[in-house]
Amino acid sequence: MPLTQFVVKMHSRCDLACDHCYVYEHADSSWRSRPKVIGDGILAKAAERIGEHAVAHRLSAVRVVLHGGEPLLAGPDRLRRAAEALRAALPPGCSLDLRIHTNGVLLSEAFCALFAELDLKVGISLDGDKVANDRHRRFADGRSSHPQVLRAVALLNRPEYRHLYAGLLCTIDIENDPVAVYRALAELQPPAVDFLLPHATWEEPPKRLPGGSADTPYADWLLAVHRLWEADRRPFAVRTFESVHRTVRGLSSLTESLGLEPSDLAVLETDGTFEQADSLKTAYDGAPVTGMNVFAHSLDDLARHPGIAARQSGLAGLSATCRACPVVRACGGGLYAHRYRADNAFDNPSVYCGDLMTLINGIAGSGGSTAGSPSGAAPVPAQGGEPLLSAPLTPAQLGELARGYGGADTVAALGTSQLSLTRAMLAAAWDASGQGRAEAWELLSELDVAAPAAVDAVLGHPYARAWAARRLAGDLSVGLGPMAALAAAAAVRAGRGDAVAVPARGRGLYLPTLGWVGVPDGEAVVTGRADGPTVRAADGSVRTGLDRAVRRVRLAGGWTVALEDLDPLRDSHDHPVAERLPEAELLGWTGALREAWELLGRDLPGYAEGIRAGLGTVTPLRPGPAGRDVSSAARQAYGAVGIARPATAPTLALLLAHEFQHVKLGAVLDLFDLYDRADDRLYFAPWRPDPRPLEGLLQGTYAHLAVTEYWGTRTAAYDGLAGEAADRARAQFALWRRYTAEAVERLAGSGALTGLGLRFAEGMGESVAPWLAVALPAAAERDAERARRESPAEV
Ligand code: SF4
């Protein structure tokens, strides 16, 4: 892989004495033995090397950053010679993006005039407001450099030089106020700001605030800036933020410190030696050394150096933890240098791992793009109820969910975060497949820009995520076909005539959200047209349209729910699924769903709108033994519930409400830690004979909030009436309110809930309390007590 970015050290000393500088203040001390200024012979040879590399690899552009130390110390003449040599050496058709990174202290009008002549753009290091900048960026005698830097930026903001102003480089210090830093930088109207994590390794971990309690202070700091930046409508470019937005959509990263793009950067020192990325100076003395120099080695030689090759190997070059990480596509294990540990070198996640995870989830979940963390698979789970995926939920919505409810907006917000999670998991599963930018992925990425609604509709299919979850869990038997099928389904929805190869298995292929096309097994090509798919099968035959469409049941109020009986991946509900429904069964389902929906609106109005906003799919399951009711949500299939059609519509209503509670809570648990995931104790739920992990107790309790309210509503409806149905409603209400209240107490007393988990227990308790105050006939309480003693119930 060719190198396209070059850092040329013009001068190895600096006129400032910043105490966070990686050149002078970290493990590597090679600067001491280097010439102060780069020689003209070295510059000429470097230009020649870059030129020959550009010719050999037909490069259309290279970027060269004149760096230091402080490069302005090299003086105007040498800077001119460097720029001219580089421009002269490049072949026609290869453009030069030439920059200089300076502390700004020496930047003068004369320099600016020179840079205008040389078309040399200027980046200035500035850590924020005066307090922030003075914390580190001082002269050796302790004087502030802030006034000089502001003067430099003011020069660049003059109309005649504004086009030279590349932006600001801000090294983060968590002691600095992110708001003050952001405002100070924004005031200087930079075209771009690079926020840089201070260099650190597992040997020299990043600073934490004395007494600070935040687990991810760097992410918190950056997210505070991100919020302001978004509120200001992104007034300047921020590569870190934009890279996350891009990578989670399958596009390339803009910075070496994030993403899986191969590193294509080399460094030339003032003595003509080639080094690896400068940031490695922070790891150990001599870490960036390659043993190569510009006179004896070509840039192809350098690109083959094991250290540089290691940073070009994408996912395969990462630690096992990173390879399994759900945000690896966006994170890429962070900056290579930040992974260093003395005993196993760079085979680690970044020392900023928790911060990177939180940052990526935070940015992705903020609405501009998408990412996520898988259920229970996050290598660095958030602690203390901090969000795993930045919550698009207001405190009021969280309170609503804690009480068991969730209106249309709240559930829609959960759906948005789940779509983000699906996207991230698909990206991670695809990355792990090693297929790179193969046809299906390319098409999906392209449609994501050209027809995002089509892609969202397809990725919103519950079993799209189930495929990714299985792959990420190591189940490779599911193959890559479903990803191609997603791309094909999106192409059909986009209707642009795009074509993609999809493997047919089991004498057909399934296009998520659309339906089934029967074709012989083998590689088929699906062309997506507005009127449906055209499929050219492996034997050359062509079929147009679907053989079996996904059926949707229209419900009162104009919404529809899919009856999913085609997708081979629907088998995600811990119970066998039903085959394609015969017509009579379809009619049975249609009637039962319509009636159940009316009952939900009548008996559970506080739940119904949420169900309508989030329930997209009902997957028919096979009947349970001896007609026992069977239903199940699947944690990795948001928006779907699996149900064996029960005998009556009221039972179906109850099962829908019960299972949708699991769907909601699963989505909440993807956003927040409500309990300590390390807690491995088992807990008895009042309604089950067997003890379960804490999440089981939590899920059951949450589901039974809806069950209890259902029976409470039925009891109220039967007020003053006698009869079997009324007695049953009262007995069920008596039973479930007691069970649910006991379960809430057990949760609250488990000692395993996080702060937010306790708030959820409190919220659930608030819903239960009024039910406990409802007076019931003694017979109902007796019936409940008998039921409780005789057989722990399950609904
Ligand atoms: S967040 Fe952590 S585990 Fe995930 S890729 Fe980044 S460094 Fe690796």
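First listed ligand is number 1; within each ligand, the first listed atom is number 1.
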message: Pair Val62, Asp97 - check side-chain contact (heavy atoms from CB on, under 4.5 Å), show working.
response: CA-CA 6 Å; Val62 294; Asp97 177 0; over 6 Å; no

query: Quick one: which ligand 1 atoms are inside 4.0 Å of a heavy atom on Ser350?
result: 7 (S)

- prompt: Relative to the heavy atoms of Cys322, which atoms of ligand 1 are at a distance of less than 4.0 Å?
  reply: 3 (S), 5 (S), 7 (S), 8 (Fe)

- prompt: Any non-hydrogen atom of Gly333 lying under 4.0 Å from ligand 1?
  reply: yes

task: Determine the interplanar angle of the Trp229 and His226 rings, folded into 0 to 90°, and report it as parallel if under 30°, tilted if 30 to 60°, perpendicular if over 60°.
output: tilted

message: Which label fits Tyr182 and Phe236: parallel for a plane angle under 30°, tilted from 30 to 60°, or perpendicular past 60°?
response: tilted

query: Taking atom types as modelled, is there a side-chain donor on Thr4 or Asp264 under 3.5 Å from an acceptor on the other?
result: yes

- prompt: Of all the atoms in Cys331, is at least one N, O or S atom closer to atom 8 (Fe) of ligand 1 than 2.8 Å?
  reply: no

